[in-house]
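Just so it is clear, the model here is predicted, and its values are computed rather than measured. Below, all heavy atoms of this structure are taken into account, side chains as well, without hydrogens, waters or symmetry copies.
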Amino acid sequence: MPNVSPAGPPMAASPLTVAVLEIDAYTSTLGWDQPARLFALVDTARLRVQEPGLAAQLGLDDAASTTASLTPIEQEELPAGTALDDFLGTIAWPGSVAGCAMTVERLMLPPSAEASVPEGLSDKQLAQWVAKHPDRQEVRMTVAVLRDGARESAVRLREKDSPTEVLTGAGLVPGLAEALAATFES
């Protein structure tokens, strides 16, 4: 069951939910019309022990400084002009990475508009048609997966861009979750 997030994570939020909301909050400070962003999710306690220099850089050198058990680490920018599916197919994570997350912005239509989609459009033509549709919604989706199969998502509408208007749930963006989970299969 999806939730609308209050100003902070829910009291009983899982570490994965906390990480997704942290990434959503971070990307919201960057504004809209941003490229997709990829994050490694690492165990915070393990990071402090194995990479104390990096932990200090991230402000995690003091155990009291954070209660989050997963730390998101932003990766290099995605290569320009590369399709997201193609890019994700090239990723192989080291064993120290517990999970990964990605933020992407997309245009979406309400279910009521799906019946009016013209048949036989190419992907490019469909994207152009959606971009011109009067009921389109701009959304930012943050999706995270762990090696053990756990998933979480946060979705924010551009027209309701507020920390109190973030929808969360494990199954909100299943296609992207599947693609991210596949990066751990090799």
Between V104 and V173, does a side chain to side chain contact (heavy atoms under 4.5 Å, CB included) hold up when you go through it step by step?
CA-CA 11 Å; V104 295; V173 191; over 6 Å; no
Run the side chain to side chain contact (heavy atoms under 4.5 Å, CB included) check on V20 and T168 step by step: do they pass?
CA-CA 9 Å; V20 164; T168 61; 5.5 Å; no
Worked verdict on D24 versus T103 for side chain to side chain contact (heavy atoms under 4.5 Å, CB included)
CA-CA 8 Å; D24 173 74; T103 60; over 6 Å; no
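Under a 3.5 Å cut-off, the side chain of R147 and the backbone N or O of V97 do form a donor-acceptor pair. A donor-acceptor pair under 3.5 Å links the side-chain atoms of E105 to the main chain of Q34, judged by distance alone. Between the side chain of R151 and the main chain of L172, no donor-acceptor pair closer than 3.5 Å is present. Checked by atom type and distance alone, the side chain of E119 never pairs as donor or acceptor with a backbone atom of V117 at under 3.5 Å. In this structure, the side chain of E152 does not engage the main chain of V145 through any donor-acceptor pair within 3.5 Å.
Between Q75 and I91, every side-chain heavy-atom pair lies at or beyond the 4.5 Å cut-off. Using a 4.5 Å cut-off on side-chain heavy atoms (C-beta onward), P72 and L41 make contact.
Atom-to-atom distance recorded for F39:CZ and L180:CG is 12.0 Å, nearest 0.5 angstrom. How far NZ of K160 is from CD of E165: 5.5 Å, rounded to the nearest 0.5 Å. Interatomic distance, CE of M108 versus CG of L157, reported as 8.5 Å (0.5 Å rounding). The distance from the CZ atom of R158 to the CG atom of D33 is 4.5 Å, given to the nearest 0.5 Å. Rounded to the nearest 0.5 Å, atoms CH2 (W32) and CG (D161) are 5.5 Å apart. Residue M102 holds its CE atom at 12.5 Å from OG1 of T27, rounded to the nearest 0.5 Å.
Minimum interatomic distance between S153 and A170 (heavy atoms only, all atoms of both residues): OG-O, 4.1 Å. Between V42 and S96, the shortest heavy-atom contact is CG1-O, 3.8 Å. Nearest heavy atom pair, residue L70 against residue A98, reads CD2-CB, 4.2 Å. The shortest non-hydrogen separation linking A179 to L88 is CB-CD1, 3.7 Å.
Below 30°, between 30° and 60°, or above 60°: for F184 and W93 the angle between ring planes is below 30°, a parallel geometry.
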